[in-house]
Amino acid sequence: MTDANRSALRVHVRGVVQGVGFRPFVYRTARRHGLAGWVRNAPSGVEIYLEGPGDALAAFLDDLRGTPPPAARIVSVQTVPVPPEGAAGFTIDESRRRDSPTARISPDLAVCDACLEELFTPTDRRSRYPYINCTNCGPRHSIILGLPYDRPLTTMKDWEMCADCAREYDDPADRRFHAQPIACPACGPHYCFEADGVVRGRGEAAMTEAAAWLRAGRIIAIKGVGGYHLACDARSAKALRELRERKFRKEKPFALMARDLGCARDLVTLTAEGEALLTSPARPIVLAPARVDLPGVAPDNTDLGVMLPYAPLHYLLYAAGAPEVLVMTSANRSEEPIAYLDGDARERLGGIADAFLAGERPIARRVEDSVVRAGPAGPAILRRSRGYAPGAVAVLPAGRPILAVGADLKNTVTLVVDGAAFTSPHIGDLDHTATFAAFQETIRDLCAMYEVDVARLLVVGDLHPQYASTTYARELPGEHLEVQHHRAHVASVLAEREAWDVPVVGVAFDGTGYGDDGGIWGGEIFTGTLRGGLRRVGHLRPAALPGGDAAARFPVQAAAGFLAQVPNLPDLTRPPFNFPGRYHHALELVAKGVRTFPTTSMGRLFDTAAALVGFTREITFEGQAAIWLEHLARQAPPASSYPFPVEGDELDFRPLLHAVAEDRARGRDAGAIARAFHEAVAAGVARVCLRWGEETGARRVALSGGVFQNALLLTRVGEMLSAHGGLEVWVNQNVPTNDGGISLGQAAVAAVASGEPAGSHV
Ligand code: ZN
Ligand code: ZN
Ligand code: FE
């Protein structure tokens with residue numbers, strides 16, 4: 001039977017289309033338009049064969065582009081007309097052979113609108129059920145125990161589906177077709193509310209109790225998607241004080257959860273891009289300028305970190321009357337990894353939380369909330385975890401599997417399989433025993449998930465001989481490579497753009513990294529290409545760093561090393577400076593050359609400026625003084641720059657710091673000084689980019705390193721370079737610009753070098 005009207009198409013869809021409910025969506029759409037054919041995963045996306053009337057095919061393609069599943073991101077749709085085969089019906093090809101490695105483990109997704117609607121429909125059988133999910137939404141990464149991704153290999157294995165759930169699970173036309181964590185109140189896990197070892201509520205009663213305790217200013221440990229949160233009313237000063245005391249967290253900002261978008265808009269000033277990030281299926285914490293003062297939430301900080309509810313549980317808590325703005329912070333003591341196992345949580349959080357709202361579904365691996373910002377150069381990711389990890393962040397020209405172990409601070413690891421670079425969720429600072437254990441666990445987990453033969457690995461670490469990550473890497477089997485920290489920063493930017501042979505000026509500014517010469521680097525300028533090598537052509541003028549690591553905790557101690565080179569300073573022990581005795585002790589170390597190390601750290605230069613402007617106490621979290629200085633500057637009107645000249649291959653800080661000290665002694669406003677300091681650093685960056693761009697012909701600059709988390713600095717550098725024209729600014733997009741991006745950079749250097757002899761230093 002031939003139908004003149006009948007035609008056929010092969011459609012290839014690329015983008016984020018696997019593991020997000022795409023095939024069932026295609027199935028339902030094709031059926032709705034009366035089309036025959038099939039859909040299957042392909043190594044690079046999804047392939048569809050469609051057959052039917054021409055107008056139905058066109059309508060299908062409109063729907064495909066117009067209303068894909070919420071978590072899907074279509075990059076391209078390619079269609080090729082083919083002769084009709086006379087297919088009958090529409091089928092989903094479930095073959096796992098064709099799944100791309102990316103599809104093996106998808107990120108966890110926020111509950112979708114369709115599930116939310118059911119959640120609050122009293123007649124729905126999943127009404128008020130905190131574990132509601134479908135193929136478009138819900139947990140993935142946090143519940144997978146092994147591959148293939150099937151229910152028996154998830155943390156839902158102990159709950160047998162009821163007949164109703166099984167029917168939905170087996171029906172390709174259903175939104176829950178093969179939704180592995182499918183459950184309902186009749187067959188699935190539940191939540192309980194517990195205080196003092198007594199269960200005070202189960203199911204809906206648990207939500208009501210928890211909400212009441214939160215309203216009463218109590219601290220509740222809440223089991224979420226990838227671990228436990230500690231929650232309290234963000235407007236209760238007493239709860240906040242207690243939380244800080246019990247958690248040993250003095251000043252580091254807490255993240256907030258706002259009941260809905262309207263409530264978030266009252267808390268922070270959001271750009272369109274900021275709102276898009278806030279409401280995206282990844283539901284990260286979004287940093288934005290605060291509109292309200294919530295004492296104790298983010299001291300001395302003009303930004304707040306806000307997220308929206310993402311688990312059905314959060315919506316239920318709000319529906320039960322929880323305060324509309326909650327502190328939602330990772331449940332741990334300061335700096336430890338987030339608690340995610342029930343027994344461990346009870347043990348570690350017992351002294352912190354007044355009560356537990358705990359669900360029965362186990363968490364397979366810890367996944368913390370991600371932190372992002374709508375930055376001057378597009379969205380910037382500051383902590384990459386839930387909603388993003390473990391998706392691939394780049395495609396590298398690697399001929400073999402590579403394991404990059406990152407740096408010791410803000411650690412992540414990256415595994416490269418078939419060229420796809422999978423960066424782990426944020427792990428943390430490896431000097432904590434529990435975090436180091438999490439680091440090892442993550443490596444084992446990634447290698448198992450992607451079935452990597454560890455003996456064939458090319459293992460990459462940092463050049464720093466005392467890094468725990470480096471030591472660990474050296475003991476792994478396989479070939480080894482070590483990559484200098486700041487080259488890895490620059491390489492992480494180039495890797496995201498697949499820029500193997502593009503000449504660049506690379507600027508890596510951060511607190512600390514081990515240099516080629518064994519010095520403490522952190523203000524580095526490179527030229528070259530990723531494949532040809534990045535040559536260090538310039539740097540911050542070296543200063544002394546007295547007392548090693550302690551100098552990173554005490555801005556006045558770092559300041560001594562820089563200020564020792566600046567003549568004619570006012571007396572810094574007197575007002576308005578009031579430097580404590582530690583400063584003079586540090587100056588003595590510098591003068592004698594005792595326990596003093598050379599450094600080119602931009603992070604310490606920021607600390608020095610912060611000390612001169614008034615931050616003379618100990619910091620209580622990494623980067624605190626620099627963040628304080630940035631926020632001071634952001635509140636001040638534009639100011640003209642202090643001098644920060646390039647002399648030879650050095651950025652000379654002496655005239656800069658002299659000007660800062662003079663102005664402060666003269667009584668100039670601290671904000672204005674901070675602003676002029678930022679202006680100077682931005683102009684310094686622009687100057688080195690223009691100079692070395694001209695010398696080498698490079699048209700792109702790659703900026704990376706923790707210092708570039710500074711939004712004001714990045715904005716001004718971008719404006720200055722675009723004013724001078726010709727230079728394109730590249731910054732990190734998929735991985736953090738801080739040390740969370742180091743493992744990707746290491747992997748990229750290793751990938752382009754993987755043809756070269758092993759054991760070499762790059
Ligand atoms: Zn859903
Ligand atoms: Zn059920
Ligand atoms: Fe770094």
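Numbering of ligands and ligand atoms starts at 1, following listing order.
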If we count only N and O atoms by modelled type, under 3.5 Å, do the side chains of S142 and D108 hold a donor and an acceptor together? yes
May I ask you to list the protein N, O or S atoms found at less than 2.8 Å from the Zn ion (ligand 2)? C162 SG, C165 SG, C184 SG, C187 SG
Kindly say whether L382 contributes a backbone atom to a donor-acceptor pair with the side chain of N738 at under 3.5 angstrom? yes
From D510 CG over to R604 CZ, what is the distance, rounded to the nearest 0.5 angstrom? 9.0 Å
Looking at K223 and G359, would you say the former's side chain and the latter's main chain have a donor-acceptor pair under 3.5 Å? yes
Do the side-chain N and O atoms of E482 and H480 include a donor-acceptor pair separated by under 3.5 angstrom? no
Quick one: do the T423 and T412 side chains pair a donor with an acceptor below 3.5 Å? no
Could you tell me how the ring of H190 sits relative to the ring of Y129: parallel (under 30°), tilted (30 to 60°) or perpendicular (over 60°)? perpendicular
How long is the gap from CD on E622 to CD1 on I627, to the nearest 0.5 Å? 8.5 Å
How many N, O or S atoms of the protein are nearer than 2.8 Å to the Zn ion (ligand 1)? 4
Are D516 and R487 close enough for a salt bridge, meaning some N to O gap below 4.0 Å? yes
Tell me which one of R386, R283, R383 satisfies side chain to side chain donor-acceptor pair (under 3.5 Å) with D369. R386
Distance-only criterion, 3.5 Å: show the donor-acceptor pairs between side-chain atoms of residues 153-161 and protein atoms not counting sequence neighbours.
unit_1, atom_1, unit_2, atom_2, d
T154, OG1, R151, O, 2.9
T154, OG1, M156, N, 3.1
T155, OG1, P362, O, 2.9

What protein atoms of element N, O or S are positioned under 2.8 Å from the Fe ion (ligand 3)? H485 NE2, H489 NE2, D510 OD2, D739 OD1
Taking the side chain as every heavy atom from C-beta outward, state whether Y467 and H485 have any pair of such atoms under 4.5 Å apart. yes
Would you say the side chains of Q18 and S106 form a donor-acceptor pair under 3.5 Å? no
